[in-house]
Peer 1: 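Below is one structure. I have some questions about it.
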Amino acid sequence: DVCSSDLIARLAERGWLANIGSELEFVLFRESYDSAREKGYRNLKPANAYNVDYSVLGTTMVEDVIRPIRLAMKAAGLKVEDSKGECNLGQHEINFRYRDALGMADDHVFYKLAAKEIAYLHGAAITFMAKVNQLEGNSCHIHCSFWEGDESLFPGDGAGGHSELYDRYIAGQVARTHELSFLFAPNVNSYKRYAYGSFAPTTLLWGRDNRTCAFRSVGHGRGLRLETRIAGGDANPYLAFSAIIAAGLDGDGPNHAKIGVKFAIGLVILVLVMANMRKPSIPQGLYYGILALTVANIAIAVFWAPAHS
């Protein structure tokens, strides 16, 4: 929490607040945790036998587990917005309304544990593992925007309805996320989720409502925000949220003052972003992710220094 609190304090010095919403995917199995362990976590029975992305019937088939989770989270004070099926067999997500970054991180951790416990009570098992099998992995898409009071700082009169701050924020994410990748992907398995040209992209580009980009600009007006599509379900939310805030603040600094404009204009040209291989990318494995972090000036300044001051 030291990193998160320090970054929140830096935002507060400007009179700003970071609002974040995290979307966690998981795979639900019709197995107990004990039976899964006895099978060596192989050949487990998923709760759905087919892709139930946006399927009404497919999600009804798992309401015996999903509904108690939703109700328990509501009773605990979390604002449940929806639940839906996803692409992998037995894959689902439950989404909650955005809130302040530290509060969202607390809710994120609480929800993951509670979901597993409620599944256990119903003779089922849930995993947030980033890459369970060869099909779609479990992501943690993170939506973030900076606010001042009740007003978002991201909408403006620039291209695409952006403010200058939003362009710089995006620039910071594109420029710094390679160095901070370990904070989104902390395990060996995390890097197996990334695949070029997939919804878990490897190239650090941004686009407007383009799910093949690492960063997706969505919404408009007060709802304008950037979705970071890099983190997996195994990410530590305190570190992942801190990385996003740190990169955004770095983008608003003097080193990247012009990058936001460059990318805002360049986006019109980069319609086929997947074809552009010369852009920054996610490290190819855990070793390279750790290596990138250890030599990153931003990591030293933001994460190491406050913890040792």
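Start at 1 with the first residue, then count along the sequence.
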Peer 1: Which atom names give the shortest non-hydrogen contact between Q134 and K131, and what distance separates them?
Peer 2: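 Nearest pair, atom of Q134 first, then K131: O-NZ, 3.7 Å.
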Peer 1: Is D150 atom CG crowded by more than 12 heavy atoms from other residues, nucleotides or ligands, each under 6.0 Å away?
Peer 2: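 Open: at most 12 neighbouring heavy atoms sit under 6.0 Å from CG of D150.
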Peer 1: Less than 4.0 Å between a side-chain N and a carboxylate O, is that true for R97 and D107?
Peer 2: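 Result for this pair is no, no salt bridge flagged.
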Peer 1: What is the minimum heavy-atom distance between G232 and A130, and which atoms define it?
Peer 2: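 Scanning both residues, the minimum pair turns out to be CA-CB, 4.5 Å.
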Peer 1: Could you walk me through whether L205 and V174 pass the side chain to side chain contact (heavy atoms under 4.5 Å, CB included) test, one step at a time?
Peer 2: CA-CA 6 Å; L205 291 169; V174 173; 5.6 Å; no
Peer 1: Tell me if the NZ atom of K112 is crowded by more than 12 foreign heavy atoms within 6.0 Å.
Peer 2: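 More than 12 heavy atoms, drawn from other residues, nucleotides or ligands, come within 6.0 Å of this atom.
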Peer 1: Judged by atom type as modelled, is there a donor-acceptor pair below 3.5 Å linking the side chain of N88 to the main-chain atoms of N138?
Peer 2: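 Pair absent, no side-chain N/O of N88 close to backbone of N138.
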Peer 1: Taking atom OH as the centre, does Y120 end up with more than 12 heavy-atom neighbours from other residues, nucleotides or ligands that are less than 6.0 angstrom away?
Peer 2: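 Open: at most 12 neighbouring heavy atoms sit under 6.0 Å from OH of Y120.
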Peer 1: Supply the atom-to-atom distance S32 OG to L44 CG, rounded to the nearest 0.5 angstrom.
Peer 2: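 If we round to the nearest 0.5 Å, S32:OG and L44:CG are 10.0 Å apart.
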Peer 1: Evaluate the side chain to side chain contact (heavy atoms under 4.5 Å, CB included) criterion for residues F128 and K116: first the C-alpha distance (whole Å), next the side-chain angles of each, then the deciding distance (0.1 Å), finally the verdict.
Peer 2: CA-CA 9 Å; F128 293 91; K116 292 178 180 179; 3.7 Å; yes
Peer 1: Quick one, Y33 and I126 - any side-chain contact, counting heavy atoms below 4.5 Å?
Peer 2: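 A side-chain contact exists here, since the closest heavy-atom pair is under 4.5 Å.
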Peer 1: Quick one: side-chain contact (heavy atoms from CB on, under 4.5 Å) partners of N187, sequence neighbours excluded?
Peer 2: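 Testing N187 for side-chain contact (heavy atoms from CB on, under 4.5 Å), a comparison that skips the adjacent residues, returns S190, D234.
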Peer 1: Which of these, F215, F241, W206, sits in a side chain to side chain contact (heavy atoms under 4.5 Å, CB included) with T228?
Peer 2: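 Result for side chain to side chain contact (heavy atoms under 4.5 Å, CB included) with T228: F215.
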Peer 1: Between E136 and E25, is any pair of side-chain heavy atoms under 4.5 Å apart?
Peer 2: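 Counting from C-beta outward, E136 and E25 never come under 4.5 Å.
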Peer 1: Check for me, please, whether I94 and M73 land in the same ILVMFWY cluster - side-chain distances under 4.5 Å, paths through other members count.
Peer 2: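 Looking at the clustering, M73 is in the same group as I94.
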Peer 1: Holding to side-chain contact (heavy atoms from CB on, under 4.5 Å), I want the full list of residues that pass it with N48, two or more places apart in sequence or in another chain.
Peer 2: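 side-chain contact (heavy atoms from CB on, under 4.5 Å) list for N48, sorted by chain: V52, M61, V62, H92.
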Peer 1: Could you check R70 against E63 for salt bridge (Lys or Arg N to Asp or Glu O under 4.0 Å), going step by step and ending with a plain yes or no?
Peer 2: CA-CA 10 Å; R70 289 197 309 267; E63 273 291 272; 2.8 Å; yes
Peer 1: Does K84 have any side chain to side chain donor-acceptor pair (under 3.5 Å) partners at least two apart in sequence or in another chain, and if so, which?
Peer 2: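 With neighbours one apart ignored, the set is D53, E86.
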Peer 1: Look only at the side chain of N95 and the backbone of E23, and say whether a donor-acceptor pair between them is shorter than 3.5 Å.
Peer 2: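 Not at all, since once roles are kept as given, no pair shorter than 3.5 Å links the two residues.
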Peer 1: Return the CG to OG distance between L183 and S242, rounded to the nearest 0.5 Å.
Peer 2: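 Those atoms lie 8.0 Å apart.
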Peer 1: Flag the pair S181 / I230 as yes when at least one side-chain heavy-atom distance between them is below 4.5 Å, and no otherwise.
Peer 2: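 Not touching, per the 4.5 Å side-chain cut-off.
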Peer 1: With sequence neighbours left out, what residues match Y166 under ring pair (Phe, Tyr, Trp, His ring centres under 6.0 Å)?
Peer 2: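 Only F154, H162 meet the ring pair (Phe, Tyr, Trp, His ring centres under 6.0 Å) criterion with Y166.
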Peer 1: Tell me if the NZ atom of K39 is crowded by more than 12 foreign heavy atoms within 6.0 Å.
Peer 2: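 Counting other residues, nucleotides and ligands, NZ of K39 exceeds 12 neighbours.
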Peer 1: How would you list, by chain and number, every residue that makes a side chain to side chain donor-acceptor pair (under 3.5 Å) with T177, sequence neighbours excluded?
Peer 2: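 Per chain and number, T177 pairs via side chain to side chain donor-acceptor pair (under 3.5 Å) with no residue.
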Peer 1: Could you measure the distance from the CD1 atom of I244 to the CG atom of L239? Nearest 0.5 Å is fine.
Peer 2: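 Spacing of CD1 (I244) from CG (L239) equals 11.5 Å.
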Peer 1: To the nearest 0.5 Å, how far apart are CD in E227 and NE2 in H141?
Peer 2: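 Here the rounded value is 5.5 Å.
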Peer 1: What I'd like to find out is whether the side chain of H178 reaches to under 4.5 Å of the side chain of P283, using heavy atoms alone.
Peer 2: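 When only atoms from C-beta onward are counted, P283 and H178 do touch, with a gap below 4.5 Å.
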Peer 1: Going only through I, L, V, M, F, W and Y residues with side-chain contacts under 4.5 Å, is there a path from L224 to L11?
Peer 2: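 Hydrophobic grouping puts L224 with L11.
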Peer 1: Carefully, step by step, assess M104 and S22 under the rule side chain to side chain contact (heavy atoms under 4.5 Å, CB included).
Peer 2: CA-CA 8 Å; M104 191 71 210; S22 60; 3.5 Å; yes
Peer 1: At their closest point, which heavy atom of G58 faces which heavy atom of Y50, and how far apart are they?
Peer 2: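 Heavy-atom minimum between the residues: CA-OH, 3.6 Å.
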Peer 1: For the residue pair E148 and W16, establish whether any side-chain heavy-atom pair is separated by less than 4.5 Å.
Peer 2: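 In contact.
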Peer 1: In Å, rounded to the nearest 0.5 Å, how long is the span from CG of L135 to CG of N51?
Peer 2: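 It is 9.0 Å, given to the nearest 0.5 Å.
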Peer 1: Is there a donor-acceptor pair closer than 3.5 Å between any side-chain N or O of D250 and the backbone N or O of G172?
Peer 2: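 No: the side chain of D250 does not pair with the backbone of G172.
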Peer 1: Do F146 and L249 come close enough that some side-chain heavy atom pair is under 4.5 Å?
Peer 2: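 In contact.
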Peer 1: Which residues satisfy the side-chain contact (heavy atoms from CB on, under 4.5 Å) test with R225, sequence neighbours excluded?
Peer 2: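 Testing R225 for side-chain contact (heavy atoms from CB on, under 4.5 Å), a comparison that skips the adjacent residues, returns H143, S145, V218.
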Peer 1: Measure the shortest side-chain to side-chain distance between L286 and F182 over non-hydrogen atoms and say whether it is less than 4.5 angstrom.
Peer 2: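 Yes, close enough: below the 4.5 Å cut-off.
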Peer 1: Measure the shortest side-chain to side-chain distance between I66 and T59 over non-hydrogen atoms and say whether it is less than 4.5 angstrom.
Peer 2: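 No. Closest side-chain heavy atoms not under 4.5 Å.
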Peer 1: Please report the shortest heavy-atom distance between P68 and H122, naming the atom on each side.
Peer 2: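 Closest approach of P68 to H122, heavy atoms only: CG-NE2, 3.7 Å.
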Peer 1: What is the minimum heavy-atom distance between L226 and S217, and which atoms define it?
Peer 2: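 Minimum heavy-atom contact is CD1-N, 3.8 Å.
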Peer 1: Within a 6.0 Å radius of atom CG on D82, are there more than 12 heavy atoms belonging to other residues, nucleotides or ligands?
Peer 2: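 Atom CG in D82 is packed in, count exceeds 12.
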Peer 1: Looking at every non-hydrogen atom in both residues, tell me the closest pair between P237 and A105 and how far apart they are.
Peer 2: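 Shortest heavy-atom contact: CG-O, 3.9 Å.
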Peer 1: Are Y41 and F29 joined in one hydrophobic group, where the rule is that I, L, V, M, F, W and Y side chains link up if heavy atoms are under 4.5 Å apart?
Peer 2: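 Different hydrophobic clusters.
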Peer 1: Between L24 and L113, is there a shared hydrophobic cluster once you connect ILVMFWY residues whose side-chain heavy atoms come closer than 4.5 Å?
Peer 2: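 Different hydrophobic clusters.
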Peer 1: Just verifying a value: how many Å separate R193 CZ and I282 CD1, rounded to the nearest 0.5 Å?
Peer 2: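 Answer for the CZ-CD1 pair, R193 versus I282, is 9.0 Å.
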Peer 1: Should D100 and W147 be marked as a side chain to side chain contact (heavy atoms under 4.5 Å, CB included) after you check the CA-CA gap, both sets of side-chain angles, and the distance that decides it?
Peer 2: CA-CA 10 Å; D100 65 285; W147 291 63; over 6 Å; no
Peer 1: Does L291 belong to the same Ile/Leu/Val/Met/Phe/Trp/Tyr cluster as Y191, with side-chain heavy atoms less than 4.5 Å apart forming each link?
Peer 2: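 No, it is not one cluster - the side chains of L291 and Y191 are not joined through contacts under 4.5 Å.
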